[in-house]
Amino acid sequence: MPELPDVEQFRTFFHAHATGRTVRSVEADPTIVRNTDPAALDRALRGRRFEDPDRHGKWLIGWTDGPALLLHFGMTGDLVWSGEDPHRHRHDRLILAFEDGNELRYRNMRKLGGVWLAHDREEVAQVIGALGPDALSIGRSEFGERLARRRGGVKAALMDQTFVAGVGNILADEILWQARLHPRRRIETLDEAERATLYTVVRRVLREAVRSYDYVGRKRSWLTHVRGIPGGTCPRCGTSLQRATAAGRTTYFCPRCQAADPAVGSGP
DNA sequence: TCGCTTGTTGATGG
DNA sequence: GCCATCAACAAGCG
């Protein structure tokens, strides 16, 4: 599930349930704790109070009045609040137990992603590494400058977290479909109008996906609504969607709206 | 059993 | 140095 809009939901959820609460204990699956061990994590966070969390791309940063807890959700991560779901689940890999008896749980079936401990802002930056600007807030000029320096497939760039942080496979397909760009178009072949459209669409898709909970499947005018369904057709023109590989990932696109060569007709 | 999956990283090759 | 591809990680599903 988690791409930028989902992690933004997690941030809101984390803020609603963890911020202002004091940690009584931390239990963790040792295989999900990436840069320390469960005992050290418990020692570091016990007695600490969570402050306002941040999000950058697909990362959630849980600041406390001491160290920070960093969460990455991989493909199957989720947050669960004991008040809504009192029973622990076998895939709950991290349990934050608070002094008031409540629990916030990090659930992750497949163990891609994980949790990190950072003692200060520098360590947070080390863990998050060379992430590009957040896709929700990147400005037009910075996007244009980065695009100008980049070559190769446009889909690969959108999904490259060091290029822009937060876009995954599903949203990359959605953005390219809305921008009417073939997923294997090379960036160096994009004209000024296409570059401008790409930025506008990145912004529009992310803002709308953040605003509209459960955007996958709920937005009927979007590609995500039909993406992956056998016999799925383009919501815009009705053409059968094509499946291909781009940037190493399964890709759906409309062969009519998203023509490979800009010189070839892309429809009315 | 195999193929596939909304993510990331490191090795390899052009 | 840049970019593309692939395997690995891991667990569940059809």
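Letters A, B, ... mirror the listed sequences (proteins, then strands); counts begin at 1. Remember, predicted model here, so these are calculated numbers, not experimental data.
- Rounded to a whole Å, the NE2 atom of A:His225 is 18 Å from the P atom of B:dT6.
- Extent of DNA chain C lying under 4.0 Å from chain A heavy atoms, first and last nucleotide in 5' to 3' order, is C:dC3 to C:dG12.
- Straight-line distance from the CH2 atom of A:Trp59 to the P atom of B:dT8: 9 Å, rounded to whole Å.
- Taking atom CH2 of residue A:Trp222 and atom C1' of nucleotide B:dT6, one finds them 14 Å apart after rounding to whole Å.
- Summarising the geometry, the separation between CZ on A:Arg110 and P on B:dT5 is reported as 10 Å, rounded to the nearest angstrom.
- Donor-acceptor pairing under 3.5 Å is lacking for the side chains of A:Arg88 and A:Ser82.
- Remark: A:Gln161 is not in phosphate contact with B:dG7, judged by side-chain N or O atoms under 4.0 Å from OP1 or OP2.
- Ring orientation note: the planes of A:Phe50 and A:Phe14 are nearly perpendicular, at an angle over 60° on the 30°/60° scale.
- Straight-line distance between the P atoms of C:dG1 and B:dT8: roughly 24 Å, to the nearest whole Å.
- Here A:Phe98 contributes atom CZ and A:Thr22 contributes atom OG1; the two are 9.0 Å apart, rounded to the nearest 0.5 Å.
- Using bins of under 30°, 30° to 60° and over 60° for the plane-to-plane angle, the ring pair A:His89/A:His91 lands in the tilted bin.
- Across the P atoms, B:dT6 and C:dC3 are found 24 Å apart, a figure rounded to whole Å.
- Taking the six-membered ring where tryptophan is involved, the planes of A:Phe73 and A:Phe10 are tilted, since the angle between them lies from 30° to 60°.
- Defined by atom type and a distance below 3.5 Å, a donor-acceptor pair is present between the side-chain atoms of A:Thr251 and A:Lys155.
- Rounded to an integer number of Å, the gap from A:Leu206 CG to B:dT6 P is 17 Å.
- With rounding to whole Å, A:Leu4 atom CG is found 11 Å from B:dT8 atom P.
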Inset, instruction - Step by step, work out the side-chain contact (heavy atoms from CB on, under 4.5 Å) result for A:Leu176 and A:His182. - result: CA-CA 7 Å; A:Leu176 292 169; A:His182 191 283; over 6 Å; no
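- The one candidate from A:Arg249, A:Gln258, A:Arg227, A:Gln178 that meets the side-chain hydrogen bond (donor to acceptor under 3.5 Å, both in side chains) condition with A:Asp173 is A:Arg227.
- Contacts of A:Thr250 with the nucleic acid, taken as non-hydrogen atoms under 4.0 Å apart, involve only primed sugar atoms and P, OP1 or OP2.
- Contact between the side-chain N/O atoms of A:His72 and the OP1/OP2 oxygens of B:dG7 is not found at any separation under 4.0 Å.
- By the 6.0 Å contact criterion, CZ on A:Arg203 is enclosed, its count of non-hydrogen atoms from other residues, nucleotides or ligands being greater than 12.
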Legend entry - Dot-bracket summary - DNA chain B, pairs being Watson-Crick or G-U whose distances fall under 3.5 Å, with | when paired to another strand: .||||.||||||||
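- Note on A:Arg34: nothing from the nucleic acid sits closer than 4.0 angstrom, heavy atoms only.
- Under 4.0 Å is where a charged nitrogen must lie from a carboxylate oxygen, and between A:Asp160 and A:Arg146 no such pair does.
- Judged by distance alone, with hydrogens and angles left aside, A:Arg249 brings no side-chain donor or acceptor close enough to the base of B:dT6 to form a pair under 3.5 Å.
- Taking atom OH on A:Tyr106 and atom P on B:dG7, their separation rounds to 13 Å, with Å as the unit.
- Contact annotation for A:Gly152: backbone-only contact, meaning every heavy-atom pair under 4.0 Å involves sugar-phosphate atoms and none involves a base.
- The side chain of A:Leu112 approaches B:dG7 more closely than any other nucleotide in the set B:dC4, B:dT8, B:dG7.
- Here the C1' atom of nucleotide B:dC4 and the OH atom of A:Tyr252 are 10 Å apart, to the nearest Å.
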